[in-house]
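Just dropping this structure here.
Everything numeric in this text was worked out from a predicted model, so none of it was measured. In the text below, chain A, chain B and the rest are named by the order of the sequence lines, each starting its count at 1. Heavy atoms only: backbone and side chains are in, while hydrogens, waters and symmetry mates are out.
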2 protein chains.
Amino acid sequence: MTHHTPGHAATPSGQVSRCQGCSLCAHCLPLGLAPDDLEQFDAIIRRPRPLKRGALLVREGDPFTSLYVVRSGSFKQVVADTGYRENVTHFLLPSEVAGLDAVGEALHPTSVVALESSFVCELPFASLEALSDRLPALRGALYRCMSQELHRDQRLHCLLSFATAERRMASFLLGMSERHAARGYSPYGFQLAMSRADIGSFLGLALETVSRLMSRFQRHGLLAVRGREVTLLDLPALEALAEQGETRR
Amino acid sequence: MTHHTPGHAATPSGQVSRCQGCSLCAHCLPLGLAPDDLEQFDAIIRRPRPLKRGALLVREGDPFTSLYVVRSGSFKQVVADTGYRENVTHFLLPSEVAGLDAVGEALHPTSVVALESSFVCELPFASLEALSDRLPALRGALYRCMSQELHRDQRLHCLLSFATAERRMASFLLGMSERHAARGYSPYGFQLAMSRADIGSFLGLALETVSRLMSRFQRHGLLAVRGREVTLLDLPALEALAEQGETRR
DNA sequence: CGACACCTTGAATTACCTCAAGCCGAGTGG
DNA sequence: CCACTCGGCTTGAGGTAATTCAAGGTGTCG
């Protein structure tokens with residue numbers, strides 16, 4: 001691993017790897033920073049850190065010190081619900097930020113777990129704060145990140161309140177598709193890094209329901225699924241399901 | 001409305017009414033600001049604005065310019081779901097902040113509607129930004145506000161994913177109780193400003209279910225309810241329902 | 001006093017869950 | 001190389017919590 005930079009993947013710590021060369025830069029937190037500012041931003045980053053599948057990036061109750069940007073791989077954010085049920089509240093893909101729910105708090109309210117071998121960039125929040133003193137654009141970027149997450153949470157709230165299982169599932173798949181597409185990958189085919197149980201937990205469904213819906217969607221020609229490999233075959237139909245998903249309530 | 005200050009309620013615009021004298025100050029956004037800083041904060045506030053029941057404080061799609069702090073009364077935050085269903089995503093009580101989901105965005109993603117006659121303090125965000133350049137504590141307060149909301153959204157996510165109707169309802173009532181208590185009112189008795197339909201929308205339940213649960217709780221001696229007047233009689237029992245609420249899934 | 005919005009309660013339906021069994025694929029070790 | 005195991009996935013059958021539909025009650029305001 002002391003060879004040369006392995007393409008788009010993150011480099012192990014010790015290697016130089018700058019934001020400027022990162023393929024995610026266009027979607028990442030410092031989006032919109034001027035080149036000079038980006039340089040400064042770059043300077044405060046603790047270089048990519050590797051995590052194996054199942055490893056905890058953040059444990060609920062840990063003191064808050066840093067934000068983390070997913071560089072490669074993926075994570076789930078989980079809350080240990082009252083009464084020993086773990087509940088998945090978010091999935092994080094490359095360029096997405098973990099720890100925002102702890103900004104300005106002392107402790108992390110949620111855990112973040114790697115779903116596969118992954119790398120993260122660590123942003124010590126104190127440095128980030130200090131830097132944002134001088135870079136209003138950075139402050140704006142932080143605000144934008146947080147409010148976007150608030151916004152997404154609200155849409156999720158709607159989904160969980162009112163949508164049938166079918167609609168939730170369709171929305172989830174489309175959401176994944178969009179997020180992959182935004183990063184330059186195909187919106188049609190992708191790997192789900194998380195288990196059916198994780199998806200169920202996230203969507204408020206039993207894992208059996210998730211499985212059944214996948215099968216049903218496949219039977220109806222909306223997608224092809226084999227294990228965690230998904231290929232969306234009929235986006236418009238999925239969108240129709242997700243958008244209005246028939247009347248209910 | 002040009003008479004004198006009506007007790008603890010907000011004063012109509014035109015009247016002087018400072019943060020320093022506001023009974024909510026202890027829980028409000030500028031919490032923790034030094035007296036001198038509070039003075040400056042005070043200076044950027046547009047003085048309380050009255051809204052009648054049903055009035056829109058913010059309409060979905062409005063350009064974002066300001067945050068609003070509820071001074072008296074209450075609001076619901078609603079999303080016009082895809083397909084013409086309105087979905088309540090939050091209720092706002094005095095000292096709580098509306099508009100955080102639009103910070104750093106161009107447009108408001110949600111509407112905010114008065115549930116009763118209410119007053120709000122308007123905080124032009126540009127001024128807030130400018131001021132927070134000089135007052136790190138203010139920036140911290142903003143961060144804290146946003147991350148707290150993120151945190152609350154996650155707990156809500158858990159509730160909506162996994163909880164029975166009974167548990168949701170108990171949690172909701174306890175949450176209201178807490179928020180009232182935090183403002184110095186009784187945690188036992190309060191008025192619900194919102195309709196059963198609003199509660200149902202918020203909790204992902206049919207309004208009939210909300211009604212039935214209220215009745216059931218009353219029958220079991222957990223509370224007394226008459227219209228929108230609620231008196232919690234057995235907090236521990238409600239907490240038991242809310243906490244573990246029996247196994248499910 | 002009638003109109004209207006909101007709330008309550010009942011009866012029937014249903015979407016989703018639970019329980020249970022079997023399958024598949026990957027890793028392990030004989 | 002095969003048998004074994006183990007976690008994750010699929011599928012079926014049956015049960016149930018919460019919904020929908022429907023009717024009637026209550027309070028409020030013009």
Between CG of B/Leu205 and C1' of C/dC7 the distance, given in whole Å, is 16 Å
B/Glu229 atom CD is separated from C/dC6 atom C1', nearest whole Å, by 17 Å
Sorted by chain and number, sequence neighbours left out, side chain to side chain donor-acceptor pair (under 3.5 Å) with B/Glu178 holds for none
Measure the distance from CG on B/Leu192 to C1' on C/dC7 and round it to the nearest whole Å.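 So the two atoms are 13 Å apart, to the nearest Å.
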Contacts satisfying side chain to side chain donor-acceptor pair (under 3.5 Å) that involve residues 206-218 of chain A (not counting sequence neighbours) are A/Glu166-A/Arg216
*Contacts of type side-chain contact (heavy atoms from CB on, under 4.5 Å), residue B/His151, not counting sequence neighbours*: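 Once residues adjacent in sequence are excluded, the partners of B/His151 under the side-chain contact (heavy atoms from CB on, under 4.5 Å) criterion are A/Pro109, B/Arg155.
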Round to a whole Å and report the spacing from CZ of A/Phe162 to P of D/dA18.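 My rounded result for the distance is 15 Å.
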Counting primed atoms, P, OP1 and OP2 as sugar-phosphate and everything else as base, the B/S/- map of nucleotides 8-15 of chain D against protein heavy atoms under 4.0 Å is SSBBBB--
side-chain contact (heavy atoms from CB on, under 4.5 Å) partners for B/Ala114, two or more places apart: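 Only B/Leu51, B/Phe75, B/Ser118 meet the side-chain contact (heavy atoms from CB on, under 4.5 Å) criterion with B/Ala114.
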Counting primed atoms, P, OP1 and OP2 as sugar-phosphate and everything else as base, the B/S/- map of nucleotides 25-30 of chain D against protein heavy atoms under 4.0 Å is --S---
The side chain to side chain donor-acceptor pair (under 3.5 Å) partners of A/Asp198 (sequence neighbours excluded) come to A/Lys76, A/Ser195
- Quick one: side-chain contact (heavy atoms from CB on, under 4.5 Å) partners of B/Glu96, sequence neighbours excluded?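 Listed in chain order: B/Leu92, B/Leu93, B/Arg179, B/Arg183.
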Using 30° and 60° as the class boundaries, would you call the ring planes of B/His108 and B/Phe64 parallel, tilted or perpendicular? perpendicular
- prompt: Mind checking what makes side chain to side chain donor-acceptor pair (under 3.5 Å) contact with A/Glu149, not counting sequence neighbours?
  reply: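 In terms of side chain to side chain donor-acceptor pair (under 3.5 Å), with neighbours along the sequence ignored, A/Glu149 is linked to no residue.
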### Query
What integer distance in Å separates B/Leu213:CG from C/dT8:C1'?
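The distance from CG of B/Leu213 to C1' of C/dT8 comes to 13 Å, rounded to the nearest Å.
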Distance in angstrom units between B/Leu160 CG and D/dA18 P, rounded |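 Rounded to the whole Å, the gap is 13 Å.
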